[in-house]
Number of protein chains: 2
Amino acid sequence: MTIKEIAQRANVSLGTVDRVLHKRGKVSRKTKERILAILEEVDYKPNVYARGLALNKSFVVAALVPDSEEGEYWEVPSLGIKRAVKNLGQFGIKVNFFYFDQNNVESFIERTAEVLELEPDGVILAPVINFEATKFCFKLKAKEIPFTIIDSKIHGDNYLSFIGQDSFQSGRLAAKLLVSSVPKQGKIFIISIKNNENHNRTLQQRIEGFKDFMLSASNQDLLLEEINVDQRNSDWKINLEKICSRKNIDGIYVPSSKVHFVAEIIFNKKLSIKLVGNDLINNNFKYLESGIIDYVIGQRPENQGYMALENFYKFLVAKQEISKNVFLPLDIITKENLMYYKPQIELS
Amino acid sequence: MTIKEIAQRANVSLGTVDRVLHKRGKVSRKTKERILAILEEVDYKPNVYARGLALNKSFVVAALVPDSEEGEYWEVPSLGIKRAVKNLGQFGIKVNFFYFDQNNVESFIERTAEVLELEPDGVILAPVINFEATKFCFKLKAKEIPFTIIDSKIHGDNYLSFIGQDSFQSGRLAAKLLVSSVPKQGKIFIISIKNNENHNRTLQQRIEGFKDFMLSASNQDLLLEEINVDQRNSDWKINLEKICSRKNIDGIYVPSSKVHFVAEIIFNKKLSIKLVGNDLINNNFKYLESGIIDYVIGQRPENQGYMALENFYKFLVAKQEISKNVFLPLDIITKENLMYYKPQIELS
DNA sequence: TTGTAAGCGTTATCAG
DNA sequence: CTGATAACGCTTACAA
């Protein structure tokens, strides 16, 4: 049913129908109600093609994400955004990437300034630099630029949508997997590998979740130790080796994608330790394949990127409702199912 | 860059450009090459809105899937298809559902006849009735109706695309999970619960995969027994109870969504048996939540349905390339991550 | 307050 | 072989 047909039914011109559809201009109460009734009755749905053609405009979304080498974690959400551009670009959604160094607060601040200058129609934000990201969100709010947060939540709820993971539950899940793989009186290490001072909320919440599970799994009598390794020390690898070589370790949890560093040591030293970590990046893939890493927990980073842009398509172009909070599933990945988790990205 | 602009550059009318774009009508070699060169140079991409508006046609896809009660497995792929209709319907994709009784070959044959009569632009087929489904595929091929197979593969490769699971690997994964949860010399049962005579390939392949893993995990000394339960016997539940109550069972694998029947028995009789099955249907959900079922393996049935229709959108409407085979990940679902696997379907 | 008409980019038809 | 033109359904500016 087209506007024209509706106009005929209502004995008005299509201009009048348009006015009630868009609530612009004045329409007499009587005709307005008549048209509304017909609209309701025929369940009018505008033709997206005609609408898109007539409007003929496009939107720019800024993606503010960490830069990354090939095979690193943050490469993946970006690939998801790029795949979305490939699918949705034809509908008038464009993306500008702004890459910052996640170990350099200054670079983040510089990029945020650039984004504000661009005045995009939307922003996709990876809030890894927590404090500054929160400040940036206030500025976006002030400029009335809608933004979507990916990966992990930050303080405040003035965002358009959040797409990411539940880090606490991720830690609980890791604990479940590790606890059920080690002896009842085993010794478990949590090893955090970091190379900056930032308060990393994701890491912190995973560790809290891990401990939470350990406390509730009281039928076991496990020994738990928490260890930090600082990559800025030149001898951090030797240090890590020493830690892993201690006697009687049954399991190790690395609450980040850096679990492959531990895997490498376990492999080289032929240690027999159950190992659980996060994220199916290439370096972890090979150790999963060989069984050195027992489980990796994934949170569909490629999907996160894709959905973030898709949400802007829905919001800006299709004027659809979107979910404010999307927690993607925590995938348990192990040797036997990893082959189907590799994101199939073929960007030509 | 529009056709009009290209026509200007080439000193021809836009009708001529259109002819070379669509390879229809005759165009002199010289002008054709000139236009082609410009098209290449400016990387011409047609405006999807204008195209959709001008073509103004819509496509009908027939979905041939098992009927189901609420909470049963086959409800979910249908919900995925419906969600896709909600998103893609506006672009001119319509779906007609044809539900058959998966325990009644006749009903399947009747539905296939109805589908052929409709002459749809595409078919989504759940090939649970293997033999007849294969025959139907030949008929579709003869009528040149493209079809997508969901869930599990059947013989032949004349389909447009397949979207489903690797059942063999699903069985291997189940074995891995069960083996790592039971004692080294434990006793494991595979219990198949069926209510028809059909040769169910999915079930068979899962069992084969399970055994394959058991053979390769030779460091354990496990006892394996394979048991069939026929739901057409009036006393099948009592029978199942007896089986589960045998002495010294450490683990049970039910290679289907019917694992909740075993869970119910384990719960009622307070047995201590590790339990692994398939599919996050409601009945399994509650037993996972309480920890009676240890792991369920899922294959994203909602996604399967969604992607099947999305593929037809890509193929019929957007004229995009589509993957011939999509194996969706085998998700490991357990108490600690199940809350994020529930498909969030709100069909208003 | 209401009607009219141009224009969005593509497709398809018809006349030259 | 080529050019001109109507049509698709909607938006928007302008005229009545």
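Lettering of chains follows the sequences in order, A, B, ..., and the numbering in each one begins at 1. Quantities reported herein were computed from a predicted structural model and do not represent experimental measurements.
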Assert: residue with more 5' nearest nucleotide on DNA chain D, out of A:M1 and B:T31, is B:T31
Is B:L14 touching bases, backbone alone, or none of the nucleic acid, heavy atoms closer than 4.0 Å?
-> base
Return the orientation label for the A:F315 and A:F312 ring planes: parallel under 30°, perpendicular over 60°, tilted otherwise.
-> perpendicular
Are the aromatic ring centres of B:F91 and B:Y313 under 6.0 angstrom apart?
-> yes
Along DNA chain D (nearest heavy atom to each residue), the more 5'-positioned of A:L55 and B:V12 | B:V12
First-last contacting nucleotides on DNA chain D - partner chain B, under 4.0 angstrom, heavy atom = D:dC1 to D:dG9
Walk along DNA chain C from 5' to 3' and tell me the first and last nucleotide with an atom closer than 4.0 Å to a non-hydrogen atom of chain A.
-> C:dT1 to C:dG9
Can a salt bridge be assigned to the pair B:R9 and B:E5 using a cut-off of 4.0 Å between side-chain N and carboxylate O?
-> no
Given B:Y49 and A:N56, is the side-chain hydrogen bond (donor to acceptor under 3.5 Å, both in side chains) satisfied, shown in steps?
-> CA-CA 9 Å; B:Y49 293 120; A:N56 196 27; over 6 Å; no
Exceeds 12 heavy-atom contacts within 6.0 angstrom, atom NZ of B:K57 | no
Toward the 5' end of DNA chain C, by each residue's nearest nucleotide, B:R19 or B:L53 | B:L53
Tell me, do B:L39 and B:L36 make a side-chain contact under 4.5 Å, heavy atoms counted?
-> yes
A:R111 NZ/CZ over A:F98 ring centroid, <6.0 Å and within 45° of normal | no
Does one side chain, of A:Y159 or A:N325, offer a donor that lies under 3.5 Å from an acceptor on the other?
-> yes
Hey, does A:D18 reach any base, or is it just sugar-phosphate, or nothing, if we go heavy atoms under 4.0 Å?
-> base
